[in-house]
A.B. asks: 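This is the structure I have questions about; it appears just below.
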There are 2 protein chains.
Amino acid sequence: MGTETVKARRKPRADSIRNRELLLEAAAHVFSAGGPQASLDAVARQAGVGIGTLYRHFPTREDLFEAVYRHEVDHLGELAEELARDPDPVEALRKWLHANVRLVATKKGMIEAFQLVAHGSTELKAYSFERLTNAIGLLLHRGVAEGKLRADIAPEDLLRTLVGIFYSQGTADWQPTALRLVDIFVDGLRKR
Amino acid sequence: MGTETVKARRKPRADSIRNRELLLEAAAHVFSAGGPQASLDAVARQAGVGIGTLYRHFPTREDLFEAVYRHEVDHLGELAEELARDPDPVEALRKWLHANVRLVATKKGMIEAFQLVAHGSTELKAYSFERLTNAIGLLLHRGVAEGKLRADIAPEDLLRTLVGIFYSQGTADWQPTALRLVDIFVDGLRKR
DNA sequence: TTGATAAACGGAGGCATCCTCCGTATAACT
DNA sequence: AGTTATACGGAGGATGCCTCCGTTTATCAA
């Protein structure tokens, strides 16, 4: 009795971690261009790894979708932390929102993939919502503290507005409009 | 000058028309079970025609989706015209709404396909909306004329309510709930 | 360092699906 | 009954899916 049940686990191999990263970047690229039904062989090729490696990391297409999505959300979160050190808080907020527009524009094919996977995982939705809300909160907070932004808007509201701007837009050539709407909105947030 | 520019076109071949119909029915069946990514070979097999015939009628998968959708909408329209001759107008309305629930339930896989194609064709959306609104109007009108139904509801409102009932339902086992909601609603429409 | 070994890698291969192409069949017309 | 426009079927080459396993390599203990 009382045998060692906790296996002393090795730390993950460096190549494994690296390949996972390569795959996520390649997948974002390929799905952006080809939509959700793009070839997984193409993803592996783009990443420069074997197809077996792809399947080991992401057994199903949905697993890959989900991981890519998380990855992108995390990127936005990190970008917010970076921009939080920008000297001009209003400009920082504007930049971050623009990054969102650019992301959605570039990754149009990916969005469809997300809609497919989002149906399943509410956990994923909750995670994204929280992560993005925090990112916005970070940027808003500084602006308010420095007296440059109005204090009466919650991060959730801003996020929902952003989503609304994306959602209401049709397919073609919506990007300039979305950027304009974002600018107008940010301008409205400015404290006079 | 003035040469005959209008070619005297033969009337379409009977087998062509028949095969088209067979394909649409087979497609509804196969997509219902297998979702939007179901094999087109399977559709042709189910219809009992060659794969070449399928591709001649519907060059792309989306063409097939769209045609199947139109076909189903037309079915609902025809059903409404049939039910309009039912002696009991309230019962007729109830039957028609139930047919809608059953359609959506049976053709769950198809719904996903529609969402994919609906993004593209607003023309299709407009067509469906009009056709279904007319169907409802037909059924409502008789009930109102005979003093069996309240007069203060527009066909569009009923259609939107129906869509709402479908949309708000989750995935599993929603059908009984939807039927119950429809019944409650129809009961509410009854003139006391 | 140097094995030992758990962990990860690559890609061949078998099977499914896609879609084109063209020889054959047949319905519509005369 | 003959002609011809039109449609049919399905073989076949290309591509994609996913598993399986022999090979490679990073980690760890000595």
Side-chain angles (χ1 to χ4, degrees), chain A residues 4-27 29-68 109-110 112-113 116-117, chain B residues 4-27 29-68 109-110 112-113 116-117:
Chain A
E4 192 78 338
T5 51
V6 175
K7 285 270 169 50
R9 304 207 56 75
R10 286 185 173 188
K11 85 174 173 195
R13 281 175 53 156
D15 54 352
S16 176
I17 294 171
R18 181 164 25 86
N19 281 335
R20 193 191 146 86
E21 197 70 16
L22 285 172
L23 280 166
L24 286 176
E25 275 160 33
H29 190 255
V30 170
F31 288 138
S32 299
Q37 74 293 336
S39 146
L40 295 189
D41 282 1
V43 172
R45 218 175 306 131
Q46 169 82 21
V49 306
I51 184 69
T53 298
L54 186 155
Y55 275 97
R56 199 170 328 96
H57 281 286
F58 310 103
T60 73
R61 182 178 286 266
E62 281 68 33
D63 289 336
L64 184 54
F65 285 163
E66 176 154 349
V68 171
M110 248 173 43
E112 293 180 49
L116 285 181
V117 76
Chain B
E4 194 78 340
T5 50
V6 176
K7 285 269 168 52
R9 308 209 51 77
R10 286 185 172 189
K11 84 175 172 194
R13 281 174 54 157
D15 53 352
S16 176
I17 294 171
R18 179 164 26 87
N19 281 335
R20 191 192 149 86
E21 197 70 16
L22 285 172
L23 280 167
L24 285 176
E25 274 159 33
H29 190 255
V30 170
F31 287 139
S32 299
Q37 77 293 339
S39 145
L40 296 189
D41 283 4
V43 172
R45 217 176 307 129
Q46 168 82 20
V49 306
I51 184 68
T53 299
L54 186 154
Y55 276 98
R56 199 167 330 95
H57 282 287
F58 309 104
T60 74
R61 182 178 286 265
E62 280 68 34
D63 289 336
L64 184 54
F65 285 164
E66 176 155 350
V68 172
M110 248 173 42
E112 294 180 50
L116 285 182
V117 75

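Lettering follows sequence order; numbering is per chain, from 1. In this text the structure is predicted, and so the values were computed from the model without any measurement. We use all heavy atoms of the structure for the numbers below, so side chains are in, but hydrogens, waters and symmetry mates are not.
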A.B. asks: Looking only at non-hydrogen atoms, find the nearest pair between B:Ala38 and B:Phe31 and report the distance.
C.D. replies: CB-CD2, 4.0 Å

A.B. asks: Rounded to the nearest 0.5 Å, what's the gap from CZ on B:Arg56 to CD1 on B:Ile51? Could you check?
C.D. replies: 11.0 Å

A.B. asks: Want to settle it: does A:Gly48 or B:Arg45 sit nearer the 5' end of DNA chain C, counting the closest nucleotide to each?
C.D. replies: A:Gly48

A.B. asks: Determine the contact category for A:Arg20: base if any of its heavy atoms lies under 4.0 Å from a base atom, sugar-phosphate if only primed atoms, P, OP1 or OP2 are that close, otherwise nothing.
C.D. replies: nothing

A.B. asks: In whole angstrom, give the distance that lies between atom CG of A:Asp41 and atom C1' of C:dG11.
C.D. replies: 10 Å

A.B. asks: For C:dG10, take OP1 and OP2 only and decide whether either is under 4.0 Å from a side-chain N or O of A:Thr53.
C.D. replies: yes

A.B. asks: Take atom CD of A:Gln37 and atom P of D:dG16, then tell me their distance rounded to the nearest Å.
C.D. replies: 11 Å

A.B. asks: Please give, in whole Å, the distance from C:dC9 C1' to A:Ile17 CD1?
C.D. replies: 15 Å

A.B. asks: What is the per-nucleotide protein-contact pattern of nucleotides 20-30 of chain C, from the 5' end, where B denotes a base atom under 4.0 Å from a protein heavy atom, S denotes such proximity for sugar-phosphate atoms only, and - denotes neither?
C.D. replies: B----BBBBS-

A.B. asks: Indicate whether OP1 or OP2 belonging to D:dC17 is found under 4.0 Å from a side-chain N or O atom of A:Ser39.
C.D. replies: yes

A.B. asks: Are B:Leu40 and B:Phe58 close enough that some pair of their side-chain heavy atoms sits under 4.5 Å apart?
C.D. replies: no

A.B. asks: Atom CG of B:Leu22 and atom C1' of D:dC8: how far apart are they, to the nearest Å?
C.D. replies: 13 Å

A.B. asks: Could you tell me which non-hydrogen atom of A:Val68 sits nearest to which non-hydrogen atom of A:Ala27, and how far apart they are?
C.D. replies: CG2-CB, 3.6 Å

A.B. asks: Tell me the interatomic distance from A:Gln46, atom CD, to C:dG10, atom P, rounded to whole angstroms.
C.D. replies: 15 Å

A.B. asks: Any non-hydrogen side-chain atom of B:Gln37 less than 4.5 Å from a side-chain atom of A:Gln37?
C.D. replies: no

A.B. asks: Please tell me if B:Asn19 has a side-chain N or O lying less than 4.0 Å from either OP1 or OP2 of D:dC8.
C.D. replies: yes

A.B. asks: Under 3.5 Å, which donor-acceptor pairs do the side chains of residues 14-25 of chain B form with other protein atoms, sequence neighbours left out?
C.D. replies:
unit_1	atom_1	unit_2	atom_2	d
B:Asp15	OD1	B:Arg13	NE	3.2
B:Asp15	OD2	B:Arg13	NH2	2.9
B:Asn19	ND2	B:Asp15	O	3.3
B:Glu21	OE2	B:His71	NE2	2.9

A.B. asks: Could you state the CG-P distance from B:Leu23 to D:dA7, rounded to the nearest angstrom?
C.D. replies: 14 Å

A.B. asks: Without decimals, in angstroms, what is the distance between B:His57 NE2 and D:dT6 C1'?
C.D. replies: 11 Å

A.B. asks: Looking only at heavy atoms, which two atoms of B:Val30 and B:Ala42 are closest? And how far apart?
C.D. replies: CG2-O, 4.2 Å

A.B. asks: What is the distance, to the nearest angstrom, from the CD atom on B:Glu21 to the P atom on D:dC8?
C.D. replies: 14 Å

